[in-house]
Amino acid sequence: MDLTYAEYKSYWINSMKDAIQHANQCIKSLKGVVTAFNTNIDAVKNLREGDVERLLAKLGISLEGETEVEEISEVEHLLRGLLKAIRTGNGFELSISKPEISTWILTNIRADEVRIGGQAGISANVLATLGVERVYVHVASIPRIQAELFKDQGIFIPCKKNDAVLAVPPLEAYNDQHEPMIHWVFEFHEGYTVKLNGSYIQAPKSDRFIASYDPLNSSLYIDPIFREFMRDKAINIDKALISGFQLLKPRYPDGSTFKDKVLRTRRVVEEWKSINPSMWIHLEQAYMTNTEILRFAVEELSKTIDSYGLNEVELDVLVKAMKLTGEVEEVNLIDKLILVSRTLKLKCLVLHTRDFAIALTKGDVDLKCTRRALWFGSMLAATRTLTGCETTMSEVVEMLRERTLPVSLESYKYHMQLSNVLNVDARRALREGFEHQGYNIVLVPALSNPKPVRSVGLGDTFTSGFLVCTPLASPR
Ligand code: GLC
């Protein structure tokens, strides 16, 4: 007998308490978490009807025809990128290559708010709000305006005070000589419409487009004080999230290339692992346009990490970058994940989408723990879709009690489809997951919210929730 949506839903609702208890225990037992390397300021613009048309009119351009843009070196590229994101409903990020463009945006667009940005920055605030007592965040620059965006409890920044390396709260670490790294985040809602050359472009889903001018993070700068701090304290760090490779450039004015930056990062992360082999290291991919850089970065870094995370748009870019197949579209989701896991020899690959999350694990990774970790990550991200901000554990519990958001129907459909294709009993798969080609596959639903208050940071929130719940790494 087939599993009904009602049964599927109640299975997940009944497992909420267990996942929350597990997360609470994990949070209490954590000695310290690191989030590195990219922290920046997000200037968020919530797009309203007419905004894009006004910008086009100001520039006097009509944007005839579609051209692929890899980098923003003209203001026109900004609009092209933005329109592509709106048309597809899939968010992505492009780097701004010239400071004048950043200045143009600053003079012509008023941000609705500024928030902490970057995988490292966002996750630090998410974890601290959840109650993690010691989150050490890497910052490439820390002007006061950025320091003020961090939570005032639980976050520490290693810096030098009287010749000693100390981790201090952000407001004791700021330096106004530092340049702010500003990323422009354009948020649009499902149904957002732009009138262009007599026709209409409408967003099929809510998402965001990011244009970032960030010379420091784009060279994957690693603060030597942070490195020194970790040499001393890595033993007290249980989990680390690393990210920021998406901002890398092919080459730099001093003659170095992305390869130098990736290899330096790899050495740093290996150093942490050699001091503390049980530190669980999660690498979050984020959206990248340069497939050569992506390929090099994942091939080098996958050797040192415990888990790798990405969303469905990033997965397609990765499959293409790794030349895993010529016809990406024809390969189904699970096959893509298996191809990636196998090629990179990953022990845990995590895909997060707006309808579900999947982990593919190998070997001794605890399945029960993986399921709880994914489910907690989903609940945490869902709560944020309602508030637009980082949420406390009590807010998560409250949201779940009120049952504001439904268990994704798409996730149920995918669960049934997978059960059929893999010839597994759908009920058993709920409890035990799926097994396929030597991998354990755990699929958990999202709690759907087609109109999140803000899209930026949802993936990072999921990942932070997942990361707190993973076990400690087993030494290799
Ligand atoms: C990328 C962007 C950053 C944004 C983050 C959200 O790191 O550079 O601006 O805050 O993604 O996930």
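One-based numbering, in listed order, for ligands and for the atoms of each. Everything quoted here is computed from the prediction, not taken from an experiment.
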For N38, the atoms of ligand 1 under 4.0 Å from one of its heavy atoms are 7 (O)
Tell me whether G118 has any N or O atom under 3.5 angstrom from an N or O of ligand 1.
yes
Could you walk me through whether Y308 and Q285 pass the side-chain hydrogen bond (donor to acceptor under 3.5 Å, both in side chains) check?
CA-CA 7 Å; Y308 187 94; Q285 177 180 312; 2.7 Å; yes
For residues 286-297, which side-chain N or O atoms pair as donor and acceptor with protein atoms under 3.5 Å away, sequence neighbours left out?
{"unit_1": "N290", "atom_1": "OD1", "unit_2": "E292", "atom_2": "N", "d": "2.9"}
{"unit_1": "N290", "atom_1": "OD1", "unit_2": "I293", "atom_2": "N", "d": "3.0"}
{"unit_1": "R295", "atom_1": "NE", "unit_2": "E299", "atom_2": "OE2", "d": "3.4"}

shortest atom 10 (O) of ligand 1-to-protein heavy-atom contact is with D42 OD2, 2.5 Å
Proximal atoms of ligand 1 relative to H183 (non-hydrogen, under 4.0 Å):
2 (C), 3 (C), 8 (O), 9 (O)
for atom 5 (C) of ligand 1, nearest protein heavy atom and its distance come out as Q119 NE2, 3.7 Å
Can you tell me which residue and heavy atom of the protein come closest to atom 2 (C) of ligand 1, and the distance to 0.1 Å?
E93 OE1, 3.2 Å
Can E113 and R115 be counted as an ion pair, charged N to O under 4.0 angstrom?
yes
Restricting to heavy atoms, the pick from N217, I122, I210, D460 nearest atom 12 (O) of ligand 1 would be D460
Would you mind checking if E228 and K160 are paired as a salt bridge, meaning a charged N to carboxylate O distance below 4.0 Å?
yes
Go through ligand 1 atom by atom and flag the ones less than 4.0 Å from a non-hydrogen atom of G117.
10 (O)
Do the charged groups of D355 and K413 touch, with an N to O distance under 4.0 Å?
no
Structural part of V185 in contact with ligand 1, heavy atom criterion under 4.0 angstrom
neither
Go through ligand 1 atom by atom and flag the ones less than 4.0 Å from a non-hydrogen atom of Q246.
1 (C), 7 (O)
Find out whether I305 and L346 are in side-chain contact, i.e. whether some heavy atom of one side chain is under 4.5 Å from a heavy atom of the other.
yes
Does a side chain donor of either N40 or N38 reach within less than 3.5 Å of an acceptor in the other side chain?
no
